[in-house]
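Worksheet: the structure to be examined is printed underneath.
Order of listing sets the numbers, starting from 1, for every ligand and every atom in it.
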Amino acid sequence: MLSSELVRSVLDSAPDAMIIIDSSGQILFANRQVSALFGYAAAELVGSPIETLLPQRFRARHVGHRSDYTNSVRVRPMGIGLELFGMRKDGTEFPVEISLSPIEQGNDIRVAAAIRDVTERRQTENALKEARREAEHANLAKSRFLATASHDLRQPLQTLGLLSGALRRMNKDEEYREILREQELAVDAMSRLLNALLDISKLESGAIKLELTDFDMDALFEQLRRDFGALASDKGLQLAIDKPHVCVHSDPALVGQMLRNLLSNAIKYTQKGTVELHCEIGGGKLRIAVRDTGVGIAPDQVGLIFDEFYQIGVTPNSSRDGYGLGLSIVQRIARLLDLKVNVESDVGKGSRFSFELPASDVAQSGAEPRVADDSSGEKIVGKAFRILLVEDEPGVRNAMRILLDIEGYHVTTAATAEEALQLLRGSNKFDLLVTDYHLEGGSTGTQVIASAREILDDSFKAILVTGDTSSAVREMQGDANLRITSKPINSDELLALVKALLAA
Ligand code: ADP
């Protein structure tokens, strides 16, 4: 048996303040640390109720807690989930952490409490919480700034790009044309960066709301074939896109954006061979893979390529193609859709990016989407065609009109949906409608297209130019007489689309 002197000296040397009370809450023992912590001499405390060490407002409640504890004793921390406070002799309070252990002595129960001053820890925790709150706030403010700035920069940039394209076409002097082409390339690069920043900031600021629905993959794949066909064949690559004949349940616009980024990378990082959009169905899932026969990715880089602004082997400030944002956009969308993107790659052989979507119960229509044959575009002669152009932003409207005029199209413009409807109902005849998506007064380009088809004929051709492909894509999927293109659009793209659709 240890002597009580020895026990006392062991308890005095413990790092925590230790108190022993009896079942009525009277203090039987307090070690040296208690005096240091609470400012009482041990002799002042022995015989006093434990509530002496608590701020006044907790005392009455504590008596109840204490008797509950002595009725069902066990070792446990005190006040789980609560912030506990002690009170010094001078009346000042401090946060504490307390752990309780019962000591049974015959019929009597005593309780040992180890008390720790957690002032510093609380301060650090609070400072961390505050720093985190500030960082989140700053991040949100940055995202909002980026979203607003990118959005407001888009229109003038769009105008600038289209006007450069128009000027180039008006100019016969090869030297001037070359300068204007350079200017267009610069505007294009700026637009692409702006688009990527806008996407990232929209995803980051939570501005993108998931719109889950059952949709036909064939229609989306067909759209991708149209969008990437020329890019691949310009590089001499074969583009193979499956026809999955299946409906999936997800957000079509976001899935489309993931696939666009992956296909654009596959084409960018492949010099020869094939880029494939491959599908496999099984276990209620559609596994989609974008495969290429390109440069491949070294194993130690695979974990890094999804980071923002990360490009393999590219040092900051050096000249480069792209901005290292494509895959971080893919990753953010995947997180939003609760998908996992897998990467398999062999340096020098190629890469495969894949993910799985839940197949939906809705049966696929079975009908092959009608596809316009874009290749006959060359036969078109602009002069014969009349285009109705609907765009609410005056600078962009004017630039588009000039560009289409130069190519010999007969262009009539409208600034609002109402103006467009008046023109459609009037005596003018039109071959094609080119419309912005978001129009003044909350109308949309899709509404204008629907009205035009009601008034003229239900296969009336239209191009929807939009900065927000999400709703647009959903509403108009699989329509062979429609092209959807994202803003900013450059002069070559716009004219190629117009030509191809009129030839279809
Ligand atoms: P960016 O293509 O603009 O550089 P991304 O975020 O899309 O940015 O890609 C990050 C990096 O990952 C790229 O710079 C490239 O080095 C690598 N990468 C992405 N996709 C492929 C691919 N299909 N094949 C080889 N490398 C790739």
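- Ordered by chain and residue number, the residues placing a heavy atom less than 4.0 Å from ligand 1 are Asn265, Ala266, Lys268, Tyr269, Asp292, Val295, Gly296, Ile297, Ile305, Tyr310, Gln311, Ile312, Gly322, Tyr323, Gly324, Leu325, Gly326, Leu327, Ser351, Phe353.
- Using a 4.5 Å heavy-atom threshold, the side chains of His410 and Ile387 count as separate.
- Contacts classified as salt bridge (charged side-chain N to carboxylate O under 4.0 Å, His left out) and involving residues 183-193 (residues at least two apart or in different chains) are given here: Arg168-Glu184.
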Side-chain donor-acceptor contacts of residues 155-163 below 3.5 Å, not counting sequence neighbours, with atom names and distances?
unit_1 : atom_1 : unit_2 : atom_2 : d
Gln158 : OE1    : Ile489 : N      : 3.3
Gln158 : NE2    : Ile489 : O      : 2.7
Thr159 : OG1    : Gln155 : O      : 2.9
Thr159 : OG1    : Val396 : N      : 3.4

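- For residues 131-143, the set of pairs meeting the salt bridge (charged side-chain N to carboxylate O under 4.0 Å, His left out) definition, not counting sequence neighbours, comprises Glu130-Arg133, Arg132-Glu136, Lys142-Glu204.
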ask   = Which is it for Thr466 and Thr485 under the side chain to side chain contact (heavy atoms under 4.5 Å, CB included) test, yes or no, and what are the steps along the way?
value = CA-CA 6 Å; Thr466 174; Thr485 180; over 6 Å; no

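- Residue Asp338 qualifies as open at atom CG: its count of foreign heavy atoms under 6.0 Å is 12 or below.
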